[in-house]
Each structure stands twice: as structure tokens, then as C-alpha cells.
Amino acid sequence: MAAASANSFVNPKWSKVIPVESVQELVKNHAHSHEAVPGRYIRSQEERPTTSSLLVSLQTAIPVIDMKKLSNLPGQDYQRQQEMVRLSMACQDWGFFQIVNHGIPHSLIDEIKGVAKEFFNLPLQEKQKYAPQEGDVQGYGKTFVVAEDQTLDWGDLLALALMPDSLKNLTLWPTVPTNFRDSVERYAIAVERVAQELLSLFAENLNLEATDYFKEKFGSEPMNLMRMNLYPPCPTPELVLGLSPHSDGGGLTLLLQDDETVGLHVRKDNQWIPVQPIPYGLVVNIGDLLEVMTNGRYKSVEHRAVTNAERARLSIALFYNSGMDAEVAPASKLVDEQHPCLYRKFKHEEYIRYYLKRQLKGKHPLADFAKLDISNT
Ligand SMILES: O=C(O)CCC(=O)C(=O)O
Ligand SMILES: [Fe+2]
């Protein structure tokens, strides 16, 4: 039974895949034309990334957490306690933070960015060898294009399932550059270790019975994905989005972003806050599954990517998720009279299917799928 459901990830039918043109190609082919940005990419007035809201929000920044301060054992270490409080606030108020001193070697970070750039710079025919088969969410192209008339994101991507082995489809893993696969494997192991460390810190902060509470709930085989996003420069960045607003559907996301180019925006108090890159830092955000497991204490927050006219921007996301068969439900310790149960229990696989059938559109999926009506209680 488990094997059958796992294989369906690779073959039929996770989502309808509507093939669309590569944005990199579009830019190349229309570089000198007035029609460089086709109508399908142009956003409605409300969705456009206006500059006025950016100016206001520049005063705010997502919290930065120093992992080194958290690496000691729990105890009387005052610095550690302070950083734990900051981490807790970050998860509750923002759903987003950046981490520094996480222990991932800088050389490995340079390497993964290097192979990703090399891949996207290959000729289109080479990249198309890794286009997904029907119904798959892995491979080179775009996911979440579910309707012919949908407004498109100004970006290309490569999505890879990292684990479990039954989902990993090596035929969609590039072999050029030659060190691509090896770099991805080593980078993934390093980031997964940091994700596990963060999950134990969350459990400690939430006073859950064991620091491996989430590790256990995620199951022995987490379902982890990597997504490399490439946003080419856009002649009219004020009219398009690189990635539509969405909350991440998984557990925890660790994102490596471009050092020089701001592009990620996080929604806070109805404003879009740009995330200033920290060289060799990682952006961490809470996904929908952790919002459910923490009964809403930690927030899975909407975010989007914008483009600019001058430079391409690369980001590499690692989604650390529960296993497919894992049951997702609020921790019973986080449900009481003051905190009624906000979400129903569900199987992770059900939510993936639901999430993938929809366009990336704000934070609605979780609310529609699992939120309980507590107005009468
Ligand atoms: O490119 C970015 O900064 C955001 C990427 C992202 O949100 C995602 O891949 O889910
Ligand atoms: Fe995201």
C-alpha cells in the first residue's frame, strides 16, 4: 500500500502540468522587442509590487537568529535563553527568520549556487531533458500552472525530490554540470541536519514532552524536496511577480537566496517586507504543517518573490516535510481551554494532493482544507 502511494508521486497524477515557455528563453528571444513581457505575465493592479509600500517597510526586518548561541545544551546559559526567546518570537510573530552560524560550510553554499547557475545557463534543449513527465511535480519547468488563462510567474525552476528513495527520480536530476548530483546530495544532508536541529529547538520552546517531538511526528521517512528558482531580469518588474504569494505547504523551509539581489518579500501586518540577504545566511520559514502541529502558535506566512530589471536572481529552497503517511494534527499539549483546537487531523498525502491542484494563491489552502470552525465553542 505504502509503495503504491509513493510511486504515484512519480507517475500519475499529482497535478495537471500545463507546459509554458521558459522565461529565460523569452528574455533571450525578445531582448530587443517592445513585447518583451507578454500579457500573461502582467499582474492585476492589486497584485503588482508597488514601491510605495516597500519604502515604508524598509524600516522593518525579519529577525536574525545566531545558531551558535543555541548550540550549547539547555541550562543556565543566559545568552542561549535570550536567543531561544528571540527564536520563539520569530516563529510566532513572523513565521520567518534568518539564521547565521548554522555550520554549513561556506564552500558548500558556493558550490550549490555554482551548480544551479551552471544548470540554468545550459541550452534549453539540454534542460528540457529534465522536463517532468505528465502529472509529476519534479523536474525542470514550472509547477502550479493549472489553468490556460492563469497569470504566470516570471521565473523558471527545477524541482527535485530528495527523499524518501521511492520518490527520488534520478532521471530528472541533471548530470551536467558533472558535480550537480553530488553537490545537491551533500548540500541536502547539511541543510536537513540544520532543519532537525531547529525542530528540536521548537519542541523545547513549546515545552513539548520530548525535544524530538516533531522528528517523531514527521515520521521516519520525511518527504523532502529541493526547488531551485531562477528569476531572469524583467524589463517591467513593477508589473510582474517572480513567484506568486503563497504559504509553503510543508513543514519547514530553508532558503538560500542570492547575496546581492533582494527579491523575497514576506507579508507582515498587511505589508510586504523585503528580506535583505545576509551572505551565507539562510532564510527559514514555518510551513503549513508546522502551523497545524503547533495549533497555530507558529505561523505559516505568505511570501512572494519580485524581479528587477538588471540582474537575474537565484534562490534554492529545501522543503523539510513530514512523511507521506504521517498524520498531521495539533499537539495535544498545545490544545486547552484558552487554545481551542484550530485544525482537524489529516494525512499528509491528502494535503499535498489538495495543495498541488491549486494555483499558488495566498494562504487559502490550509484554511479551506483543515481549519475548524470554532465560532460556536
Ligand atoms: O525565491 C524566493 O525568494 C522565494 C522562494 C519560495 O518561496 C519557494 O520556493 O517556495
Ligand atoms: Fe515559498
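Note that this is a predicted model, so its numbers are computed, not measured. These numbers come from the heavy atoms of this one structure, side chains and all, not from hydrogens, waters or symmetry mates. Counting starts at 1 for both ligands and their atoms, in listed order.
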Flag, side chain of [X] to backbone of [Y], donor-acceptor distance under 3.5 Å:
X: Asp248; Y: Thr253; result: no
X: Lys113; Y: Gln257; result: yes
X: Arg297; Y: Leu206; result: no
X: Gln98; Y: Gln276; result: yes

Quick one: angle His303 NE2 - the Fe ion (ligand 2) - His246 NE2, to the nearest 10°?
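The two atoms form an angle at the metal of about 90°.
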
Ligand 1 contacted by His246 (non-hydrogen, < 4.0 Å)
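Yes, that is the case, since the closest heavy atom of the residue is under 4.0 Å from the ligand.
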
Per-residue contact class, [X] against ligand 1 - non-hydrogen pairs under 4.0 Å:
X: Arg313; result: side chain
X: Val275; result: neither
X: Thr253; result: neither
X: Val283; result: neither

Protein heavy-atom partner closest to atom 8 (C) of ligand 1 - residue, atom, separation in Å:
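Minimum-distance protein heavy atom for atom 8 (C) of ligand 1 reads Arg227 NH2, 3.3 Å.
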
What protein heavy atom sits nearest atom 6 (C) of ligand 1, and how far away is it?
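The closest heavy atom on the protein side is Leu243 CD2, 3.4 Å.
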
Which atoms of ligand 1 sit under 4.0 Å from any heavy atom of Tyr231?
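It comes down to these atoms of ligand 1: 1 (O), 2 (C), 4 (C), 5 (C).
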
Need the ligand 1 atom indices (1-based, order shown) with element for anything under 4.0 Å from a heavy-atom of His303.
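Answer for ligand 1: 7 (O).
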
Would you sort out whether Asp156 and Lys127 count as a side chain to side chain contact (heavy atoms under 4.5 Å, CB included), showing the intermediate values?
CA-CA 11 Å; Asp156 298 333; Lys127 287 183 285 196; 5.5 Å; no

Any idea which N/O/S atom from Asp248 gets closest to the Fe ion (ligand 2)?
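Nearest N/O/S atom: OD1.
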
Does atom CD (Gln79) have a neighbourhood of more than 12 heavy atoms from anything else shown, all under 6.0 Å?
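Incorrect, the count does not exceed 12.
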
Crowded around Lys268 NZ? As in, over 12 foreign heavy atoms under 6.0 Å?
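Yes - once you tally the heavy atoms of other residues, nucleotides and ligands closer than 6.0 Å, there are more than 12.
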
Distance under 6.0 Å and angle within 45° of ring axis: Arg344 vs Phe369
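Yes, Arg344 sits over the ring of Phe369.
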
Do any nitrogen or oxygen atoms of Gln257 come within less than 3.5 Å of a nitrogen or oxygen of ligand 1?
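N/O-N/O distance below 3.5 Å does not exist for this pair.
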
